[in-house]
Amino acid sequence: MEKSAFRTEQGASKAGRSFAKDIAELAIFLDLTEPAEPLGHLEAAAAEIANDRDISSTTLKRCASEARALIEFAHESGAIRRIEARAEGSEWDLRQALSAWLDETSLPAVLKRRALRLNRSRGGRPPTKTRTLRAVEELVEFARAGRPGALDELRSIRALIGNT
């Protein structure tokens with residue numbers, strides 16, 4: 001039986017569960033049942049989940065990143081070893097145990113832990129000053145390209161800054 005068919009028949013997503021957890025479940029399952037390149041399994045799992053649902057590319061990218069954090073946490077915490085030992089070689093039991101573990105795991109807590117570990121050096125939104133600068137730089141580009149209203153908005157910003 002093909003693994004994707006196995007996923008669809010036995011590991012269908014639970015209502016209200018995040019796409020990230022679905023991606024992580026399938027990627028870990030593939031890692032354990034078809035040892036190969038782990039990043040390939042994450043990409044394959046993300047593609048499989050995206051095929052089943054209508055997900056925008058930005059949402060899929062975020063969910064794949066969150067799934068990666070869940071997978072890293074599963075390895076770091078030893079959960080994968082425990083789940084694999086309990087399954088005793090049964091793919092059905094393995095899938096059910098993975099699903100149960102993911103349902104019990106708090107995604108926000110895992111993401112917070114990763115952010116602290118990375119010292120907030122990757123991911124997330126840039127600081128406000130950086131976003132503001134990028135927005136102004138984008139307005140300059142629009143004004144140079146002749147976009148209506150961009151030059152007026154830049155003048156308004158200049159006047160605002162001049163008044164402070």
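Owing to the predicted nature of the structure, the values given are computational and were not obtained by experimental measurement. The first residue in the sequence is number 1, and the count goes up from there.
- In this structure, the side chains of Glu25 and Trp101 stay at 4.5 Å or more apart for every pair of heavy atoms.
- Distance check, rounded to the nearest 0.5 Å: CD1 of Ile23 to NE2 of His41 gives 15.0 Å.
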Assess the residue pair Asp31 and Leu42 against the criterion (side chain to side chain contact (heavy atoms under 4.5 Å, CB included)); give the C-alpha distance rounded to whole Å, side-chain angles, the decisive distance to 0.1 Å, and a yes or no.
CA-CA 9 Å; Asp31 286 346; Leu42 179 64; over 6 Å; no
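- Take Asp54 and apply the salt bridge (charged side-chain N to carboxylate O under 4.0 Å, His left out) test, not counting sequence neighbours, and it matches no residue.
- A distance of 10.0 Å separates NZ in Lys112 from OG in Ser106, rounded to the nearest 0.5 Å.
- Residues Ile28 and Glu84 are not in side-chain contact: their nearest non-hydrogen atoms beyond the backbone lie 4.5 Å or more apart.
- With rounding to the nearest 0.5 angstrom, the CZ atom of Phe29 is 12.5 Å from the CD1 atom of Ile83.
- Between the side chain of Arg17 and the backbone N or O of Ser99 there is at least one donor-acceptor pair closer than 3.5 Å.
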Given side chain to side chain contact (heavy atoms under 4.5 Å, CB included), test Leu139 with Arg134 step by step and report yes or no.
CA-CA 9 Å; Leu139 269 174; Arg134 286 183 189 164; over 6 Å; no
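- For the salt bridge (charged side-chain N to carboxylate O under 4.0 Å, His left out) test, residues two or more places apart in sequence or in another chain that qualify with Arg113 are Glu76.
- Among residues at least two apart or in separate chains, side chain to side chain donor-acceptor pair (under 3.5 Å) pairs with a member in residues 141-153 are Asp152-Arg155.
- Rounded to the nearest 0.5 angstrom, Asp22 CG and Ile49 CD1 are separated by 5.0 Å.
- Ser77 approaches Arg82 most closely through the heavy-atom pair O-NH1, 3.1 Å.
- Separating the OG atom in Ser56 from the CZ atom in Arg62 is a distance of 8.0 Å, to the nearest 0.5 Å.
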CA sep, side-chain torsions, deciding dist, call: Lys21, Glu66, salt bridge (Lys or Arg N to Asp or Glu O under 4.0 Å):
CA-CA 8 Å; Lys21 286 188 176 187; Glu66 292 174 352; over 6 Å; no
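- In this structure, CZ on Phe142 lies 14.0 Å from CG on Leu151, to the nearest 0.5 angstrom.
- Closest approach of Cys63 and Ala20 over heavy atoms only: O-CB, 3.5 Å.
- Using a 4.5 Å heavy-atom threshold, the side chains of Leu107 and Ser18 count as touching.
- Scanning both residues, Ala27 and Ala45, for their nearest heavy atoms gives N-CB, 3.6 Å.
- Cluster annotation: Val140 is connected to Ile161 through the hydrophobic network of ILVMFWY side chains, with a link wherever side-chain heavy atoms come within less than 4.5 Å.
- Between the side chain of His75 and the backbone N or O of Leu70 there is no donor-acceptor pair closer than 3.5 Å.
- Annotation for Ala143 and Ala150: closest pair N-CB, 3.6 Å, computed over non-hydrogen atoms.
- Looking only at side-chain heavy atoms (C-beta outward), Leu60 and Phe19 stay at 4.5 Å or farther from each other.
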